[in-house]
**Q** 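Pasting a structure here, questions to come.
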Number of protein chains: 2
Amino acid sequence: MTRRKKGRTTIADVAAEAGVSPITVSRALREPARVSEPLRKRIAAAVQALDYVPDLHARALASARTNVVGVIIPSLTNSVFADVLRGIHDRAEKTDLQVQFANTRYSPQEEERLIRLFLSQSPAGLILAGIDQTAAAAEMLRAAKLPIVQIMELGPDPFDMMVGLDQPAAGRAMTEHLLEAGYRRIACLAARLDPRSNRRMAGYRAVMAEHGLDDDSLVVQTKAPSSVRVGCELLREIVAQRPDIDAVFCNNDDVALGALFECQRMGIAVPERLAIAGFNDFEMSAAAEPPITSMATERYEMGVTAMDMIAQTIAGEPPEEKVVDLGFHLCARASTQPRAGARPERQPAPKKSAARTTRVREAR
Amino acid sequence: MTRRKKGRTTIADVAAEAGVSPITVSRALREPARVSEPLRKRIAAAVQALDYVPDLHARALASARTNVVGVIIPSLTNSVFADVLRGIHDRAEKTDLQVQFANTRYSPQEEERLIRLFLSQSPAGLILAGIDQTAAAAEMLRAAKLPIVQIMELGPDPFDMMVGLDQPAAGRAMTEHLLEAGYRRIACLAARLDPRSNRRMAGYRAVMAEHGLDDDSLVVQTKAPSSVRVGCELLREIVAQRPDIDAVFCNNDDVALGALFECQRMGIAVPERLAIAGFNDFEMSAAAEPPITSMATERYEMGVTAMDMIAQTIAGEPPEEKVVDLGFHLCARASTQPRAGARPERQPAPKKSAARTTRVREAR
DNA sequence: GGCCAAATTGCTAGCGCTATCACGAATCTT
DNA sequence: AAGATTCGTGATAGCGCTAGCAATTTGGCC
C-alpha cells in the first residue's frame with residue numbers, strides 16, 4: 001500500500017543532526033564500543049530527537065544478514081508446540097532476533113518446501129521439529145552455514161544443534177511406572193501418528209515385550225489429531241476390544257482427559273477399575289478429578305534453550321554442548337494409584353536421557 | 001552469520017539466462033499479465049533452471065512496501081488466540097503475505113511499543129486485538145495509511161476494519177440462558193481481566209440487574225491468567241463465599257472445566273446442585289462429563305476473515321463491509337440442564353450482534 | 001500509407017544501509 | 001625519536017530489486 005516513503009527518517013538525517021557521517025551512526029547503533037563516548041551520546045540524542053528507527057530491510061540487504069530466525073514446526077493447534085513457541089518468542093524478545101513461524105501440518109514434503117523457502121532468505125538461524133526431515137531437506141541443511149536447532153527429541157546425527165528429550169525412554173519410563181504400580185494389561189492409545197508419539201509407543205512396546213505382555217490388541221491408534229474427543233473415542237474402542245485391560249497409557253494428555261471423561265460416562269472407576277496415564281503434563285491434568293498421572297516435559301524451556309543456542313552461536317560463542325537433553329519427569333498422581341500388593345517403585349537403571357529425569361509422586 | 005552472499009542467484013542472472021532485461025523478469029514475476037506470453041515462458045524456464053528465489057529484503061527496500069502483516073495479540077498461551085492465529089496463518093499461506101507475530105502480555109504500553117515498532121517497518125497490514133489501545137497508539141494507527149483489522153470484539157469507532165463479536169451481548173445471552181433454565185443465584189467466575197472477559201461480565205451483570213439478582217458477592221475474579229487450576233480455585237472460593245449459588249458462569253472454558261473438576265472433588269452434583277457454563281466452546285467442553293454448556297465463538301474464522309480483509313484491501317478491492325460481526329452461538333449441554341419447572345426457552349429479542357447468533361441444544 | 005493509441009520492453013536512478021578500505025591522530029615499541 | 005601499531009572516523013561502492021518514465025513495437029483506423 002505505502003508508496004514511496006517520502007518522510008522516513010534515515011540514518012543520514014540522524015548523521016546530519018549529530019554532525020557526523022552516516023557510517024558512524026550505523027556503528028554507534030550496532031557496535032557502540034567502536035565509537036567514542038562523546039559521539040555516541042550526540043548520536044543517541046539525535047536518534048531520540050528524530051525518533052529514528054532503522055530499516056531492517058535495508059540493513060538486511062546491505063549486510064546480507066538478517067535477524068530472522070525461522071521456526072518450522074508441525075502444528076499450532078497442539079498446545080505442545082504452543083508452549084515451545086512461547087519460549088521461543090519470549091527469548092527472542094530479549095535479543096534482537098525476530099521469529100518467523102511456519103507450520104508443516106505434519107507433512108515432510110511441506111517441511112522440505114518451507115526449509116527451502118526459509119534458506120533462500122538467508123535467515124540468522126533455523127529451528128526445526130524432530131529428526132525426520134526428507135533426504136533433500138537434510139542435504140540443504142547440512143550445506144547451510146547457519147545455526148540450526150532441532151527440537152522436541154534427540155537423535156544420533158544432528159545437523160547442528162539439538163535440544164529435546166529421549167522420547168523412547170520417556171515411553172519406557174511411563175510403562176515401567178504402570179508395571180511397578182501393579183498394572184499388567186496396559187493398553188496404549190495414540191492419536192495422530194506424530195513421530196515423537198510413535199517413539200514413545202516404541203518404548204512402551206519394548207517394555208511390554210520385555211515382560212512378556214506386549215500384544216497388538218492392546219494398541220489403538222487413529223490418524224486424527226490428538227484431542228479430548230479422540231480420547232473418548234479411543235477409550236470406547238479399546239474397552240470394546242479388550243474389556244480386560246487395567247490401565248491405558250495415552251500418548252498425550254488431551255487424549256488421557258478424554259479417556260477419563262469417557263470412563264466417568266461409562267461408570268468405569270479410575271483408577272480402581274482402570275488406571276489412566278497421559279503424556280506432556282498439561283496444566284489441566286493435575287487439576288482433574290482424579291488427577292491424571294503424566295510425564296512432564298520441558299516444552300517452554302525447550303523453546304528458550306533453542307533460541308539461546310542460536311543467539312549464542314550468532315554472537316560467536318557457540319554453546320559447548322551441541323546436544324541438550326532436557327529430560328522428563330514422571331508426575332505420578334491418583335489416576336495410577338499403585339494397586340494393593342504392587343511392589344514399591346524402585347529407582348530405574350540410569351538411562352541415556354535420564355540425566356535430568358526425576359520421579360515425583362504428587363500429594364493430592 | 002552469512003557474509004557477503006557471493007553465490008546468490010539474482011534477478012540479473014535470470015534475465016541473462018532468459019535473454020531479457022532484469023526489469024522484465026521482475027514484472028513477469030509480479031505482474032505476469034504485463035509480459036507477453038513467450039517471454040513469460042522463457043523467464044519461467046530460466047527461474048526454474050537457476051532455482052531463483054527473489055530477495056524479499058531487496059524487494060521491500062526498492063518498493064517501500066512489504067508483504068508482512070503484523071499481528072499483535074495479548075497472549076500465545078490462551079488457546080483462544082492460538083485458534084485465531086491458526087486462521088491467520090492458514091489464510092496467509094494462500095496469499096503471498098507473511099505473518100509477523102508479537103504478544104503484548106495484556107499490557108497496553110507494550111502494545112503501543114509494538115505498534116510503533118511494526119509501523120516503522122511499513123508492514124502491508126496490521127491485525128490487533130480489541131479496542132483498548134492507548135491514545136498514542138490510536139493516533140499512530142489513524143494516521144497510518146495501511147489496512148488495519150481489529151479482531152475479537154466490536155466497537156464504535158474502528159481505525160479501519162473490524163471482525164469479531166459483540167462480547168457484552170454474548171455475556172447477556174449466556175446469562176439469559178441460565179435464567180431461562182431456571183437458575184437464579186448465578187455466580188460469575190473470571191480469570192485475568194481480559195477486556196473481552198470484562199465486557200461479557202458487564203453483560204452478565206446487566207441482565208442480573210434487570211432481574212433484580214445482581215450482587216457483588218456473586219462475582220469472583222483473579223488476576224491470574226485463565227486456566228483449569230484457576231477454575232478449581234475460583235469455584236472453591238465462590239462456594240465458600242456464597243454456598244447458596246445454583247449456577248456459575250465462567251468467563252472461559254478452562255475455568256469452567258476446573259470448576260467441574262472441583263465440583264466432582266467436593267461432591268457437588270452438576271447440574272443438579274450446581275450448573276456450570278463456560279465460554280468459547282473449547283473442544284474439550286463437549287467431551288466432558290457432563291458436557292459443559294458454552295458459547296461458541298468463531299475464532300478460527302475470525303483469523304481467516306481478518307487476513308482476507310487485509311488481502312482484499314491490498315489488492316485494491318476493500319471489503320464492502322468494514323465491520324464484520326461473526327456472532328456467537330449457545331451450545332446448551334447437560335451442565336446447565338433446565339430445572340424442573342423452568343419456563344421453556346424463548347427466542348430472545350434480536351440484538352445488534354445477534355445476526356448470526358443461533359441457539360443450539362446439543363443432544364448427548 | 002500515415003498517424004495515434006495501446007501494448008510491450010528497457011533504461012536510469014535510486015531505496016537505506018553497511019563492508020571495505022583509507023586516512024589522520026593517538027598510543028606504543030625498542 | 002622514528003617507525004609500528006592501534007584507534008576513531010569518513011569516503012566509496014555497492015547489496016538486489018523496482019518506480020517512473022522513455023523507447024520501441026504492434027495494431028487499428030481513416
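Note: hydrogens, waters and symmetry copies are ignored here, and every other heavy atom, side chains too, is used. Chain A is the first sequence line, chain B the second, and so forth, proteins listed ahead of strands; every chain is numbered from 1.
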**Q** Judged by atom type as modelled, is there a donor-acceptor pair below 3.5 Å linking the side chain of A/T66 to the main-chain atoms of A/S122?
**A** yes
**Q** Quick one: does B/L126's side chain get under 4.5 Å of B/F118's, heavy atoms only?
**A** yes
**Q** Of the residues in residues 44-52 of chain B, which ones touch DNA chain C at a heavy-atom distance under 4.0 Å?
**A** none
**Q** Tell me, which of residues 17-29 of chain B have any heavy atom that sits under 4.0 Å from an atom in DNA chain D?
**A** B/I23, B/S26
**Q** Nearest to the side chain of A/R59, which nucleotide is it out of C/dT18, D/dG16, C/dA19?
**A** C/dT18
**Q** State which residues pass side-chain hydrogen bond (donor to acceptor under 3.5 Å, both in side chains) with B/Q150; sequence neighbours excluded, sorted by chain then number.
**A** none
**Q** Would you please classify the geometry between the B/Y106 ring and the B/F81 ring as parallel, tilted or perpendicular, with 30° and 60° separating the classes?
**A** perpendicular
**Q** Could you tell me whether A/R105 and A/E111 have a side-chain N and a carboxylate O separated by less than 4.0 Å?
**A** no
**Q** According to side-chain contact (heavy atoms from CB on, under 4.5 Å), who are the partners of B/K322, at least two apart in sequence or on a separate chain?
**A** B/D160, B/M161
**Q** Using the side-chain contact (heavy atoms from CB on, under 4.5 Å) criterion, which residues pair with B/E31? Sequence neighbours excluded.
**A** B/R27, B/R34
**Q** Quick one: are B/V304 and B/I88 in side-chain contact, heavy atoms under 4.5 Å?
**A** no
**Q** Bend angle of the helix from C/dG1-D/dC30 to C/dT30-D/dA1 from five-pair axes at both ends, rounded to 10°?
**A** 30°
**Q** D/dT18, C/dT9, D/dT9: which one has an atom nearest the side-chain heavy atoms of B/R34?
**A** C/dT9
**Q** Closer to the 5' end of DNA chain C via nearest nucleotide, is it B/A58 or B/V35?
**A** B/V35
**Q** Give the nucleotide from the list C/dA19, D/dC17, C/dG16 with an atom nearest to the side chain of A/S63.
**A** C/dA19
**Q** Charged N to carboxylate O under 4.0 angstrom, B/R196 versus B/D194?
**A** yes
**Q** Does the side chain of B/I131 come within less than 4.5 Å of B/M162's, by heavy atoms?
**A** yes
